[in-house]
Amino acid sequence: MPDFAAPPLRPLAIAFDQATATLSPEGATLERRMSSLEGLFLDHEAWQASVADGDPVVYRVQSSPVPETDRELPQSITTIEPGTTGDELWMTKGHQHPNHQGEIYLALHGHGGLLMFDGQDAEWLDMTPGTIGYIPPGWAHRSINVGADPYSFLAVYPGGAGHDYGWVLEHGMGRRAVRRDGGAVRLLSYDGADDAGA
Ligand code: S6P
Ligand code: ZN
């Protein structure tokens, strides 16, 4: 059942600071450290070593005050730090929307990739400032920093979309993005065995 318990917000202006990629007023902000990405990097030992070695912040998500409830249209800005674990580029956990609702991302700073997977096919969008990435209903999505600087993007999504992280643990994301020996970004099959092309 839709959640109509919370009344919709009044019309609202949200200040967007382009230089810092922040929203004001702000709602919840969350920090995802390496330890919260358990089971997601292919190289488990490298992941464990990174957790033991200071458990770095991999990304932050700053939300506007618009609530994540049905009929609302919240926004958030995600900033992923540059880095690799093993040779896999730092990334978000990735999730599926339980009711298969769509979403849009707008790249703001840095260089990223938007990996999508519908359980069968994988798609990769190159995300540079100004690119709008469209996530159709039913496609799990993960963002990856492929550059040397922090990668930021704005997300706008249905308030009732939810986040199913278990779907990704069960089905994977179809591809993995790696950088070996400082070279070009490569996409591998999810088990890391094959070069799946760019
Ligand atoms: C929400 C939207 C983003 C992500 C954020 C972090 O639908 O897709 O705000 O939540 O980029 O990713 P994740 O996979 O940890 O939720
Ligand atoms: Zn989403």
Side-chain angles (χ1 to χ4, degrees), residues 3 14 16 21-23 26-41 47 51 55-83 85 88-119 122-129 131-147 150-177 190:
D3 177 9
I14 297 164
F16 165 59
T22 52
L23 302 170
E26 68 178 301
T29 295
L30 71 83
E31 244 181 24
R32 293 257 200 239
R33 291 183 177 272
M34 187 60 76
S35 52
S36 68
L37 278 77
E38 184 168 12
L40 298 176
F41 288 104
W47 171 81
V51 171
D55 194 14
V57 173
V58 178
Y59 61 98
R60 295 181 174 79
V61 185
Q62 187 210 28
S63 302
S64 83
V66 178
E68 290 188 340
T69 55
D70 264 327
R71 301 185 300 154
E72 298 285 3
L73 201 56
Q75 318 90 43
S76 64
I77 293 177
T78 301
T79 301
I80 309 173
E81 297 297 325
T85 295
E88 196 167 355
L89 289 151
W90 282 8
M91 60 193 186
T92 60
K93 292 176 71 164
H95 60 271
Q96 177 68 282
H97 294 158
N99 295 323
H100 286 185
Q101 303 191 63
E103 178 164 9
I104 58 168
Y105 284 180
L106 169 64
L108 301 172
H109 291 294
H111 188 187
L114 172 50
L115 174 64
M116 291 177 268
F117 184 53
D118 69 354
E123 289 282 348
W124 174 267
L125 302 184
D126 191 51
M127 299 289 287
T128 55
T131 305
I132 292 177
Y134 176 58
I135 301 162
W139 289 74
H141 38 289
R142 163 178 288 165
S143 296
I144 297 156
N145 188 344
V146 301
Y151 165 58
S152 301
F153 63 93
L154 173 76
V156 183
Y157 51 99
H163 299 80
D164 184 353
Y165 295 104
W167 192 96
V168 170
L169 289 171
E170 187 178 344
H171 301 279
M173 280 301 305
R175 296 284 184 273
R176 292 184 185 275
Y190 201 70

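We count ligands from 1, going down the list as the structure has it; atoms in each ligand are counted the same way.
- Of the polar atoms of Y59, at least one N or O is found under 3.5 Å from an N or O of ligand 1, judged by distance alone.
- Looking only at heavy atoms of the protein, atom 8 (O) of ligand 1 is closest to Y105 OH, 2.6 Å.
- For ligand 1, the atoms sitting less than 4.0 Å from at least one non-hydrogen atom of R32 are 15 (O), numbered in the order shown with element in parentheses.
- Taking every non-hydrogen atom of H141 and a distance limit under 4.0 Å, the qualifying atoms of ligand 1 come out as 8 (O).
- Between the side chain of E103 and the backbone N or O of Q101, no donor-acceptor pair lies under 3.5 Å.
- Within the 2.8 Å limit, H163 places no N, O or S atom next to the Zn ion (ligand 2).
- Inclusion of G94 in the set of residues having an N or O under 3.5 Å from an N or O of ligand 1 is warranted.
- Scanning all heavy atoms of the two residues, the minimum distance from M173 to L115 falls at CE-O, 3.4 Å.
- Heavy-atom contacts of S76 reach the following atoms of ligand 1: 9 (O) (cutoff under 4.0 Å).
- The distance from ligand 1 to the heavy atoms of F153 drops below 4.0 Å at these ligand atoms: 11 (O).
- In terms of protein heavy atoms, atom 16 (O) of ligand 1 is closest to Y165 OH, 2.6 Å.
- Under a 3.5 Å cut-off, the side chain of Y134 and the backbone N or O of Y105 do not form any donor-acceptor pair.
- Within the listing of ligand 1, atoms 1 (C), 7 (O), 10 (O), 16 (O) sit less than 4.0 angstrom from a heavy atom of H163.
- Rounded to the nearest 0.5 Å, atoms CZ (F16) and CG (L23) are 7.0 Å apart.
- Within the cation-pi definition used here (under 6.0 Å to the ring centroid, within 45° of the axis), R175 does not qualify as a partner of F117.
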